Each structure stands twice: as structure tokens, then as C-alpha cells.
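Notes follow the structure.
All chains are named by letter (A, B, ...) in the order of the sequence lines, taking the proteins before the strands, and each is independently numbered beginning at 1. Predicted, not measured: the structure shown is a model, and the values here were computed from it.
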Amino acid sequence: MGVLIFLGENVFEKEFARESIFIDRDAISPHYLPEKLPFREKQIEEISKLLGVALHGKRPDNLFVYGPTGVGKTATVKHVMQQLQDFAKEKNSKIISTYINCRNHNSKYRAMIKCVNDFYPNNYFVGYSASFVHDKVLDFVRGNEGTLVVVLDEIDKVKDLDDLVYALTRANDELQKGAISIIGISNNLMFKERLDPRTKSSLCEQELVFAPYNASELKAILEQRIAIAFKPNSVENSAINIAAAFAAKESGDARTAVMLLQRAGELAEKNGLQKITDEEVKKAKSKVEEEVILNMVSALPEQEQLVLYAISALTLRKKGIRKITGSADEGALYSGDVYEEYATLAKHFKAEAVTARWYREYINELEMYGLILTTASGAGIRGNTTLIKLGFDAEKIKQVLEKELMQGS
DNA sequence: CCTCCACAGGAAGCGCAGGAGT
DNA sequence: ACTCCTGCGCTTCCTGTGGAGG
């Protein structure tokens with residue numbers, strides 16, 4: 001076995017010497033919590049006004065915060081909580097807050113035990129009964145004789161939310177000293193309407209809505225992050241504009257905008273560039289889109305993957321099938337042909353094919369995801385069928401699915 | 001005009017997994 | 001530990017629909 005020895009230069013020498021355009025990579029990651037939150041002054045004021053009463057020993061109203069993803073809900077609430085904690089510490093006010101992400105703590109019990117573990121960092125509580133945990137929370141508030149603010153992020157993920165809210169609000173009746181307030185955060189606008197009326201009225205004593213950012217706000221947010229994350233003048237102005245415009249058009253979501261620039265930065269660095277230009281942002285954009293598709297496709301159930309695979313295979317093959325030479329539907333496929341292809345493919349992959357009826361449900365679902373486009377067959381085609389077109393590049397989807405289906409079996 | 005084609009999509013029911021109730 | 005119930009994914013069966021073809 002031959003051994004290669006590099007004389008003189010360590011392999012890391014080059015990497016070390018390499019100039020990075022980053023100063024602080026974290027600042028351009030979606031998890032970064034900036035010190036200042038632009039365009040959220042109003043919301044910050046609202047929340048602090050609400051919580052301010054706690055400084056005078058009163059219980060703040062519960063608050064329900066909602067708005068789509070990436071509009072700064074979590075960041076704003078966390079920011080205010082931090083400020084409140086700092087201030088309370090300074091003034092010797094007894095205010096404790098705890099932040100719970102309900103995606104990870106998605107039941108009453110799990111949320112409560114998260115509280116307990118936060119309050120008693122030296123103990124680790126596992127395997128205790130629900131009532132013990134409940135009492136422990138109350139004991140803590142009693143012992144503290146102050147206000148406890150429980151932040152429940154992604155509150156719609158809690159399975160038995162009615163019970164949790166009830167337990168926390170009910171606690172206020174049992175406590176002679178101290179109080180508990182809830183701040184619920186959700187990006188699901190419909191979720192509130194599905195709540196039990198009693199839960200709804202106690203949780204939504206106060207409400208706060210976060211609207212999406214517009215392009216110029218996104219631009220300002222990006223500039224703020226860029227100033228920390230990158231070396232001066234490493235990002236071209238037009239590149240920022242593109243990223244902001246794209247994110248604004250999609251959803252007004254700062255997370256998307258930030259991610260776009262993060263990717264663009266990584267791309268520039270990989271290619272040894274000193275500046276991020278439009279080009280990098282555009283490339284990053286298509287990369288992000290690709291990842292989104294990839295994630296969607298791999299999250300699909302196997303049968304739906306097969307259907308999608310059949311569609312991409314047929315789109316590429318275009319032989320032995322009925323052709324559509326219409327205007328807009330040029331290159332679209334007949335639903336029936338896709339089903340046949342799917343059925344043979346299923347046999348090939350040792351899986352059992354579902355009935356045509358259920359296959360139609362799959363088609364509808366794939367359309368809902370935006371992975372395929374369908375139109376009803378109109379004039380020029382015999383019968384009443386659906387014409388199917390792939391929403392994305394056939395070759396790419398086929399490749400992804402081939403990998404996916406191979407490892408699946 | 002009627003018939004047939006090529007499906008769409010509703011209704012009922014079936015087998016199963018997993019949670020609630022006892 | 002046991003049954004009971006419920007929701008889910010799916011099949012079977014069926015009726016409906018819009019245009020082509022004779």
C-alpha cells in the first residue's frame with residue numbers, strides 16, 4: 001500500500017489562508033436572534049404593555065400571537081421576555097418566564113414536565129405522575145410568589161391543548177400568591193376557530209397579529225443581518241434586492257430571505273468569490289427550490305412516489321402512448337396511460353398496485369402539492385379524462401425517485 | 001340523434017392499527 | 001389484559017359527464 005507524503009506544506013495551510021467573506025456565519029442563519037427587531041416596534045410595545053402589569057404584581061392577560069411563518073413572532077416574544085427578565089432582575093421583581101416549543105413538547109404532560117425541569121435545573125424529573133408534575137409547577141409559583149409567564153410556541157401542536165390551558169388558568173384560582181400567564185404562538189390561522197370555546201376565551205384574552213413583511217422591510221432586515229454576517233461590501237445591492245423581492249413575492253417570510261442569502265454566501269465562498277452577486281442569489285434560489293421539491297418528494301408515501309415516477313418516466317419516454325397535440329396541453333399525459341404505467345412499474349418494484357379509483361385520489365393529492373398540473377380534457381379528446389403534466393423537471397424528479405425507491409425496497 | 005368511450009368521483013363496506021374504556 | 005371503538009387506507013360498485021363517432 002503506497003503512502004503519499006506531502007512535504008513542506010500542510011494540507012490545511014491553504015484552507016487557513018483562504019479568505020472568508022463571512023465574519024459571523026450565525027447571523028445569517030434562520031435561527032439567529034438579532035438584538036434589534038426592525039418593523040416590530042409596535043408589537044414589542046403591545047406585548048410589553050401587556051406584561052408590564054406583572055411588575056406591579058398583577059396578572060397579565062393571556063395572549064395569543066398569530067401570523068404566518070418567518071414574520072418574527074417567536075423572535076419578538078423571546079426578545080420581550082428577555083427584556084422583561086433583565087428588568088425584573090434589576091428591580092428585584094419576581095417574574096419568571098419559560099419558553100416551550102410545543103413541537104417537541106406536544107402534550108399537556110410533556111409541556112408541564114418541561115416547565116418543571118426548567119424550574120429545577122438541578123433535578124431531572126422523569127417518570128413522575130401527571131398530578132405530581134402539576135403540583136410541582138404550582139409549588140414553584142407559590143414559592144416564588146411572583147408571576148410566571150409560560151410561552152407556548154407552535155401551540156397548535158399540543159394534542160390536549162384544552163386540558164393544558166385549563167390546568168394553567170385554573171391554577172390561578174388555586175394560588176393565593178403568584179399567578180400564571182400564557183402566551184400562545186401559532187402560525188395556523190384556522191386553528192383558533194377549532195378550539196373549545198372556553199379554551200379560546202381564556203387563551204385569547206388578548207390577541208396580536210403579525211403581518212408578513214413587504215419587500216423593502218425584508219431588504220432592511222437582510223441589510224441588518226448582512227452587516228453582521230459578512231465583511232463590508234461583500235454583497236451587491238442588487239443581490240439583496242433580488243433576495244428580498246423573491247421572499248416577498250413568495251410569502252413575506254424573513255426566513256426564506258435569510259436562507260437565500262446564506263446559501264448564496266456559501267456558494268460564493270465555495271467558488272472563492274469576494275462578492276455575492278445576483279448570480280449567486282439566483283443559483284441559491286434554484287437550489288432552495290430544488291431542496292423543497294426533494295423534501296416533498298421523499299416525504300411522499302411509496303405509492304404516490306410510484307405514480308409520480310410513472311409520470312416522469314412517461315414524460316421522458318413519450319413512446320407507445322397517445323400523444324396530445326393540442327395548444328396549451330402539448331406534452332400532457334392521459335390519466336389512463338399513467339395508470340397503466342404505474343401498474344407495470346408497481347409490479348416491477350414488487351409492490352402491489354392500488355385500484356384505479358384510489359389512483360385518482362393520488363393524482364388529486366399530487367396536484368394539491370403542486371407537483372403535477374392537471375386539466376380536464378376538453379374538445380379534441382374523446383371521453384372525459386384528466387390530462388397530467390409534471391410541475392417540475394422530469395429528469396430531476398425521476399432521478400430523485402429512483403434513489404428513493406431503490407433504498408425503499 | 002344515439003351510442004360508446006374513457007374516465008370522474010360518490011357511497012358503502014372491509015380489514016387493520018392504535019387509543020379509550022373497563 | 002381485555003374488549004370496544006374509531007379513523008384510515010383501500011376496494012368494490014356504481015352513477016355521471018362530455019365529447020367522438022357512426
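Look at A:Thr355 and you'll find a side-chain N or O under 4.0 angstrom from OP1 or OP2 of C:dT11. Here A:Thr386 reaches the OP1 or OP2 of B:dA8: one of its side-chain N or O atoms lies under 4.0 Å away.
When the P atom of B:dA11 is taken as reference, atom CD of A:Glu361 falls 12 Å away, rounded to whole Å. A:Arg360 places its CZ atom 16 Å from the C1' atom of C:dG9, with the value rounded to the nearest Å. In this structure, CD of A:Gln303 is placed 7 Å from P of C:dC10, rounded to the nearest angstrom. What separates CZ of A:Arg382 from C1' of C:dG22 is a distance of 10 Å, to the nearest Å. Straight-line distance from the OH atom of A:Tyr339 to the C1' atom of B:dC7: 13 Å, rounded to whole Å. What separates CD of A:Glu352 from C1' of C:dG9 is a distance of 14 Å, to the nearest Å. Between A:Ile388 atom CD1 and B:dA6 atom P there is a gap of 16 Å when expressed in whole angstrom units. A straight line from CZ of A:Arg357 to C1' of B:dC14 spans 16 Å, rounded to a whole angstrom.
Residues A:Phe230 and A:Phe22 place their aromatic rings such that the two centres sit under 6.0 Å apart. Here the two rings, on A:Tyr342 and A:Tyr362, have centers that are 6.0 Å apart or farther.
A donor-acceptor pair is defined here as one N or O able to donate and one able to accept, closer than 3.5 Å; no such pair exists between the side chain of A:Tyr359 and the backbone of A:Val307.
More than 12 heavy atoms of other residues, nucleotides or ligands lie within 6.0 Å of CZ in A:Phe39, so this atom counts as buried by the packing criterion.
With B:dA8, C:dG9, B:dG9 as the choices, the nucleotide that has an atom nearest any side-chain atom of A:Trp358 turns out to be C:dG9. In this structure, of B:dG9, B:dC7, C:dC10, it is C:dC10 that holds the atom nearest to the side chain of A:Tyr362.
Across all strands shown, A:Ser377 has no heavy atoms under 4.0 Å from either base or sugar-phosphate atoms.
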